Structure formats: structure tokens, C-alpha cells
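A quick write-up on the structure given underneath.
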Amino acid sequence: MLAVRDLHAWYGEQHVLHGVNFEVSTGEIVTLIGRNGAGRSTVLKSIMGLLHRRTGSITLEGREVLGLPSRTVARLGVGYVPEDRGIYTTLTVEENLFLPPEVRKPEFSVRQILEMFPNIRERLASGASKLSGGEQQMLAIGRVLRTGARLLLLDEPTEGLAPVIVEQIGRAVTLLKQAGLTVILVEQNFNFAAAVADRHYVIEQGHVVDMIPNAERDQHAAKLQKYLGI
Amino acid sequence: MEELLGIPVQALFGQILLGLINGSFYAILSLGLAIIFGLLNIINFTHGAQYMLGAFLAWMGLSYLGVGYWTALLIAPLLVGLTGIAIERLLLARLANVDHLYGFLLTYGIALVIQGLFRNYYGASALPYPVPAELRGGYDLGFMFLPTYRGWVVAISLAICLATWLLIEKTRLGSHLRAATEKPGLTEAFGINVPLLVTMTYGAGAALAAFAGVLAAPIYSVNPQMGADLIIVVFGVVVIGGMGSILGAIVTGFGLGLIEGLTKVFYAPASDIVIFVIMIVILLVRPAGLFGKA
């Protein structure tokens, strides 16, 4: 579904990605793991077209998307949940949920999304600034599910959340997999990643340095500990 | 003659009406400025010239083509809105990634060019524009005489302000505008065409200014300087209301018009500066403005 080839990216003059290569097949959940500052979130932003200075190639179902504006990438079916959740505090919860246009028929109806995240169903009319961190994360995921995006980019969805909320997010990600959606997950919490992912790409200093299938994670426990700095 | 607080009632209500009329123009103009500032982050100094253009287009339509007031009220905002779209696409969009001060300087320069061109061709003297036949005369309310046209200006201004507020706060398009104002990059990443929203917003802001200009033509007469004189006060209104605040622009516009009118009754020499005195106080105690977010 997605192929990233020799991807370089810069923040201003700072060269952050140095030739990233990886692939994701339809229906897979792939994580990008590594230490903070390795460039994992930058990979998601580059796919989304949020960084202006990039070289290399990003193909989505065979179509080159590197030079496209981010709105076109979104309309091709890529849904983005940023690390800070991207909740609009001047909008209500309902306005946030319905903000992105539908790009194709979604796998989940609004009713199903609200059943998945009952906390937001009860707060639709509230200002989004009043939501807790966990509720904001649920809203951020629900918002991209509503659009019918086929490829979801989730940046640190469990960061700073209580264990009970992490479990709820984990159940939601499992439902996405069952529905056949493709997910790229940037995740610091490896236990969470291991519970949902098919493969793990390890990123260090702007490169992909390893790929570990989830089924083989126990064999590579020592390597994983080194990569994650545990 | 009946008096209230030692002031003849007729004089008091006369100044309140005048204050409401000035407030109507402050509200529509500051509303346009607030919308543009919210999304483009630039202070649109061309706003006064766009207001003047609206009045001049109404005058030119009547003088050269026999186009009446009601048609001008539709056509002039449309034409000025289109020139606004061209200004945004061809000029302002190129400055999107540099300091917003450049946008301010550019719009100031455009205002000077437009005003200079009209002064060159039409001179500095005021050109009369008649009140439309349907809105001549007035009503004796017992305590004061209400000219029909002035009542119309206040009513239509309130309606336009309310409609604009509803559009921004209660519609899907409005939620896109608010989202693009808060997080433009992310809004674009959700598939919303933010550059198009920016262009249309600038065009709509310019059209609002032109609408106010047509409304003003029968009251203030038409001259190339009319926008420049008014826009300084309107900037004061926007600062007091809170930069970018839609509700702030509307409430503060009408409120300050009233305060200015009442100042004329109680201490006329202060009426020209009262808005700026309030602006200084607000900047000192609440820099984000009455309705702005710190």
C-alpha cells in the first residue's frame, strides 16, 4: 500500500531524515520504534506532506505523493492523528468530529465510532478544550475514522494516558485491524505496540536500521532493549 | 423642553442615534478586519480604501450608468470582493511565509495607491449621493425624529453582523474557518483547502467594507479620503474588541459608537479621542482586548 524510498527531510536547515526506506502492506499494522528524536514523527509528517523540504519517494498504492499538498494526500485516504492530538479548542467536540471531509465510504459509521468511544458521545456539545487527554485522543482517532481513510498515521496515541485509557485505545486499534485498515503507529510504549502490531521498523538517527516481525520479538529481545534504550 | 440628566431629550436621543449609525459602520468594518486578521494574521490597511471604493462604485454607477442604490448595494461589494480576491491571490499569498509586517506594509501601500488614483481623478471634495426614494423622510417618535435612511442603516448593519456571526459560529463552513484560523497546517492535512479559504475570506472582508461604503454614501458623501479618516478609529475598535474576535468586533463597534455619541452630548471636545483613550486603557489592563483570548 505504501512504499517510502530514500526519504530525506529537513526542518529549516536541520537535516532530520537521511534516506528512510520501508514498506507497508494493506491491512498491516506497522510500528516505527526508536528513541526520542530518532525521526519517527518526522516520517509521519513527511508522508502527510507537512514538511516542505523533502526528497526521495513516497508512493501510495503506486501513486507518487511526495510533491502533493497535504490536503490532496488526505483526500487520497490518509488519516493523520498528530502527537499533540490536534484538537481544535475553539470548536465543539461534534465540530471536531465532523471537521475533515469524508474521502470515501467509512468502515465505521458515526454510531459505531461513538460506541467505540462512549466518552465522546456524552460530550458532543461541549467545547473540545474541556476534554481530558484520553478523551482528546479518542476524538482524534474517531475524527479520522469518520473520513473513511484507508491508511492511518497514529503518532504516540498512548502518550501520557492512564492504563485504563491505553487499554481502550488498544481495543480500538485492534478493531481497525479487524476492519482491514492499514496503520502506521509511532509508539514509545512497546508493550502496547507488541499487542497490536505485525512488524516493527526501528529508526535511529533518521534511518531505518532494522525490521523485526512481531512474531519474532522474543528472539530479538536483547536487540529491542538496546534500540529502545530500556 | 423635556430634559434628562440636564440634557434636552431630543439632543440626547439624536446623539444616541448618531452614535448607533457611526457604530454600525465601525461594526461592519471591524468585523471585516477581524475576519481577515483571524485567518491571514495581517492587519488589512486597504480596508478603508475598500470602503471608499464601495461608496465610489455606487456614485459612479449612478452618475455614469444610472445604476440605483439597491443594485449598487449588491454589485459594489461583489466587484470589490473580486478585487480583494485578486489582491490576495496575486500579492498577499506571496507574503504568506514572511513576517506579517510585510503584509501590513503591502496593504498600506495598496490603500495609498487606490486613494491617490481617486484623488487624482475626482479631487478631494465630497460628491453628493442621494438617499434612495424609498428611504426618504422619517418618523416622529415623540421624543425625536428618526430619518428612515438612518434607521435602515442601523437595522441592515445589525442584520449583516448577525448573519456573519451565525455563518462563522454555527455553520460547517464557519467551523472550517475557525479550524483554519487555529491550526492552518493541520486543517490542510485533513483535506480542507486552506489557501482557498484564505482567499475567499479576504474577498468577503473586502466585500463587507464595500457594503458599508455603499451604506455610507448617502450619509457622509463620497470622497477619496473617507476610508482613511474612518479606518484609524476602526483599528481602535478592533484593538478594544480583541484582534480577530468576531463577537468583539460587533459588540465593540456598536458600543463604542454609542459612547462616542454620548460623549458628544456631555463633553463634545472629547468625542474625537474617547475611543483612543479607551483603547489605551484596554491595552494597559487587558492587552488581548475585551473579547480576545490572551
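Being a predicted model, the structure only gives us computed values, none of them experimental. Residue numbers begin at 1 in each chain, while the letters A, B, ... track the order of the sequences.
Atom CE of A:Met1 sits in a crowded spot, with more than 12 heavy atoms from other residues, nucleotides or ligands closer than 6.0 Å. With a 6.0 Å radius and a threshold of 12 heavy atoms from other residues, nucleotides or ligands, B:Arg94 has its CZ atom at or below the threshold. Enclosure of atom CZ in B:Phe276 by more than 12 non-hydrogen atoms of other residues, nucleotides or ligands within 6.0 angstrom is indicated. Dense packing is recorded around OH of A:Tyr11, with more than 12 heavy atoms of other residues, nucleotides or ligands lying under 6.0 Å away. In A:Glu115, the CD atom is crowded: over 12 heavy atoms of neighbouring residues, nucleotides or ligands sit closer than 6.0 Å.
Side chain of B:Glu182 to backbone of A:Thr89: a donor-acceptor contact under 3.5 angstrom is found. A donor-acceptor contact shorter than 3.5 Å is absent between the side chain of B:Arg178 and the backbone of A:Tyr88.
Interface remark: of the candidates A:Thr92, A:Ile87, A:Thr72, A:Ile87 forms the most heavy-atom pairs closer than 4.5 Å to chain B. Considering only heavy-atom pairs separated by less than 4.5 Å from chain A, the leading option among B:Lys183, B:Glu169, B:His176 is B:Lys183. If you tally non-hydrogen atom pairs under 4.5 Å between each of B:Leu186, B:Thr187, B:Val194 and chain A, the highest count goes to B:Leu186.
Contacts between A:Val144 and chain B at a heavy-atom distance below 4.5 Å involve the side chain alone, from C-beta outward. Using a 4.5 Å cut-off between heavy atoms, A:Leu68 makes no contact with chain B at all. Both the backbone and the side chain of A:Pro101 come within less than 4.5 Å of a heavy atom of chain B.
Closest of all the heavy-atom pairs between A:Pro100 and B:Arg172 is O-NH2, 4.0 Å. Between B:Gly185 and A:Leu50, the closest heavy-atom pair is O-CD2, 3.6 Å. Pairing each heavy atom of B:Ser175 with each of A:Leu91, the nearest pair is O-CD2, 3.9 Å. In plain terms, the two heavy atoms of B:Ile192 and A:Leu99 that are nearest each other are CD1-O, 3.8 Å.
The NE2 atom of A:His52 sits 6.5 Å away from atom CG of B:Asn97, with the distance rounded to the nearest 0.5 Å.
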